[in-house]
Amino acid sequence: MPIYSPLNLAKLGLATLSHSGRDALASMYCLQRFSFLPPPFLHGLVMHCPFVSGPDFESLISSLISNHKWSQLKSITESSNPTDFLHQLFHFKHFNSDLILSYFKWSQHAFQVTHSIESYVKLFILLANVRKYPKIRSLLHVFVKQGESISVSTFCHALLTLSDNSCACNVVFDMLISACVDTGKPELALECFRRAGDYGFKLSVVSCNSLLSALVKEGRIGNVEFVYKEMIRRKVEFNLITFNTVINGLCKAGRLNKAGDIVEDMKVYGIMPSVVTYNALIDGYCKRGGPSRMYKADALLKEMVKSGVFPNVITYNILIDGFCKDGNVAASIRLFEEMKVHGLRPGVITYNTLINGLCSDGKIDEAMRLRDEMLEMGLEPNIVTYNAFINGFSKKKMLKEAKELFDDIVKKGIAVNVVAFNTLINAYCKIGQLEEALALCNLMPEKMVSPNVSTYNCLIGAYYHVGDIEAANKILGEMEEKGLKADVVTYNIRINAMCRRGETRKAVRCLDEMCRKGLNPSHITYNALVAGYCQQGNPRAALTVKKRMEKEGKRPNVVTYNVLIKGFCGCGKLEEANKFLNEMLEKGLIPNRITYDIIKEEMMEKGFAPDIDGHLYNDLAKF
DNA sequence: CTAGGGTTAG
């Protein structure tokens, strides 16, 4: 093709410059198809002829974009800004959405610009009209992920003003919610959900479900209930997953009765509970079902079978774990055998759960037998399995064995995780071998493991324990410098240490501080303060703490009462002590060994036979 | 949409 020799090109270039812009561009269009055009040449050309629109120009741009001739396109657009150019593209008559999307992405990257929400929305609508949903999804993902502070109302407004196709608007906005959830911004997703109501966008059950699921994960049960109620009000379609998610959220929050109500709701809608529904309920009862939790969990198992829903491996895993944590490993083993009889094959999680239960119960030999069994079944022990054993050894103060196992894992090339480290670090801290604990901390970076809040909590607790308050505070500061936020346990440790030192005022300020930070004080937090005041011989002040915990919706537990009873006994106020003993019984709390010891000691001291209150004594004597 | 490991209190 002799006419495209470099010499001819140059001649043509000079010639075209003297022609009208339009002709020149047409020539360029011919040329660039052969990829010959040197960018500086094009740039010079464009500088000399102000833009003209029209089919030729459109074709040129279209061709450049579709063939990814970015450097040449850059030459052209350098004289106008990418945002204006994008707007020009939107007005092209026969320009397809793919080309605009292509330019959109390239220009953001090449010019380091972020297009406006309106531009995004224009593109989304364009894509929605030709049903290119996956493309919208991935672009929305980028949009949400990179957007620092996205104005949802601007987005809504743009959607309504730029499109009269309500279907497209609904789809785009629905996908926006999913994108927010997928990029870990549930707060934003929730705002979108609210706005969708204001602007009348119809949402799909899929995006609402994923929003619900994200809110459950964050433990925001109030928001879960809001979304659920709104879905009913707005007549969003429901499905089984919607109900299961809400039920699971309520169970996780300990709202078991409410969860039961939702089960009735779903039946009304003609949706029957599935194995997932029952599993969520059973898990809820196992973990937060009060004193008779395992009885209720077991009743649910029977109920599901009766209504024709068959338990699966997960159901058994939940129950086995529940019984283990309830201190009833024997029941767990019975279930383990039962599941095999029903043709369900225990998996790695099943074995790990049982092994952990046995190890926590000090039955390491039995746990070892199970490990052998899992190997026979072709199941590979993983880091969780090993951690259960490390924990078992640590609990038995067999730190040598624990450390040997740890080293073995490392040697085997299995990646040790932060839990393995924490288990061992905690064990060393507990027996006062701080140097060993610190040595492990120093090993963490080498194994590519970062300490977490729990790691620091172990160390902070250990330093308080040996009375090195300065070191504890130093490491607390170090933790916060690393961006790790103190959690409830951190505060419990601090508050407890303060109370033990008699600094109860300071401890209360610490409690206020954790509340300000949005942390929910636990029973342990309040109990530490109750104990602190009692130890100071000031059970009256301890009562104000009890009132505060009740106001916050935390019911005093056995520990709270034990501490109070001991406090009142300690300053000779036996009647008050007895009042609280009766109060705890009225509330259905079962006194434990410690309650019994406190009262017995007190009575003996006073020279009474410890059966003044015969009924109570009989109750206590059972322990 | 449901299941497993470590940390706090008397």
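Note that this is a predicted model, so its numbers are computed, not measured. A note on names: the letters A, B, ... follow the listed sequences, proteins ahead of strands, and every chain is numbered from 1.
Residue-level contact check: A:N457 touches the bases, meaning some heavy atom is under 4.0 Å from a base atom. Within the 4.0 angstrom heavy-atom criterion, no nucleotide atom of any strand lies near A:N239. Across all strands, A:I383 comes closer than 4.0 Å to base atoms (heavy-atom distances). Counting any heavy atom pair closer than 4.0 Å across all strands shown, A:I318 reaches sugar-phosphate atoms only and no base atom. Using a 4.0 Å heavy-atom distance criterion, A:N562 is classed as a base contact.
Of the candidate nucleotides B:dG10, B:dG4, B:dT8, B:dG10 has the atom lying nearest to any side-chain atom of A:I594. The nucleotide whose nearest atom lies closest to any side-chain atom of A:N527 is, among B:dA9, B:dA3, B:dT7, B:dA9. Side chain of A:V348, nearest nucleotide from B:dG5, B:dT8, B:dG4: B:dG4. Of the candidate nucleotides B:dG10, B:dC1, B:dA9, B:dA9 has the atom lying nearest to any side-chain atom of A:I524. Nearest nucleotide to the A:I349 side chain, out of B:dT8, B:dG4, B:dG5: B:dG4. Of the candidates B:dT8, B:dA3, B:dT7, the closest approach to any side-chain atom of A:K252 belongs to B:dA3. Considering only the side chain of A:V384, B:dG5 comes nearest among B:dG10, B:dT2, B:dG5. The nucleotide whose nearest atom lies closest to any side-chain atom of A:V559 is, among B:dA9, B:dG4, B:dT7, B:dA9. Distance from the side chain of A:N248 is smallest for B:dT2 among the nucleotides B:dT7, B:dG4, B:dT2.
A:E366 is linked by a salt bridge (charged side-chain N to carboxylate O under 4.0 Å, His left out) to nothing, counting only residues two or more places apart in sequence or in another chain.
Residue A:N257 qualifies as open at atom CG: its count of foreign heavy atoms under 6.0 Å is 12 or below.
The phosphate of B:dG5 (OP1 or OP2) has no side-chain N or O of A:K395 nearer than 4.0 angstrom. Contact annotation: A:R500 does not reach the phosphate of B:dT8 (side-chain N/O to OP1 or OP2, under 4.0 Å). The phosphate of B:dG5 (OP1 or OP2) has a side-chain N or O of A:K325 nearer than 4.0 angstrom. For B:dT8, the OP1/OP2 oxygens have a side-chain nitrogen or oxygen of A:K430 closer than 4.0 Å. Distances shown here put a side-chain N or O of A:K287 below 4.0 Å from the OP1 or OP2 atom of B:dG4.
Distance A:L354 CG to B:dG5 C1': 14 Å, rounded to the nearest Å. Taking atom CZ of residue A:R345 and atom C1' of nucleotide B:dA3, one finds them 18 Å apart after rounding to whole Å. For the pair A:H523 NE2 and B:dT8 P, the interatomic distance rounds to 18 Å; values are reported in whole Å. Remark: P of B:dG5 and OH of A:Y386 are 18 Å apart, rounded to the nearest angstrom. Between A:L358 atom CG and B:dG4 atom C1' the separation is 14 Å, expressed in whole Å. Rounded to whole Å, the distance from CG on A:L300 to C1' on B:dT2 is 13 Å. The distance from atom CG of A:N356 to atom C1' of B:dA3 is 13 Å, rounded to the nearest whole Å. Per the geometry, CG belonging to A:N496 stands 7 Å off C1' belonging to B:dT8, to the nearest Å.
Of the possible polar contacts, none joining the A:H342 side chain to the A:N312 backbone as a donor-acceptor pair under 3.5 Å is found. Here the side chain of A:T245 pairs no donor or acceptor atom with the backbone of A:N209 at under 3.5 angstrom. With hydrogens and angles disregarded, no donor-acceptor distance shorter than 3.5 Å links the side chain of A:D326 to the backbone of A:N328.
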What pairs of donor and acceptor atoms, side-chain ones from residues 261-273 of chain A against any protein atom, are under 3.5 angstrom apart with sequence neighbours left out?
from: A:D265; atom 1: OD2; to: A:Y228; atom 2: OH; distance (Å): 2.9

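Looking at A:R369 and A:D365, no side-chain N of the basic residue comes within less than 4.0 Å of a carboxylate O on the acidic one, giving no salt bridge.
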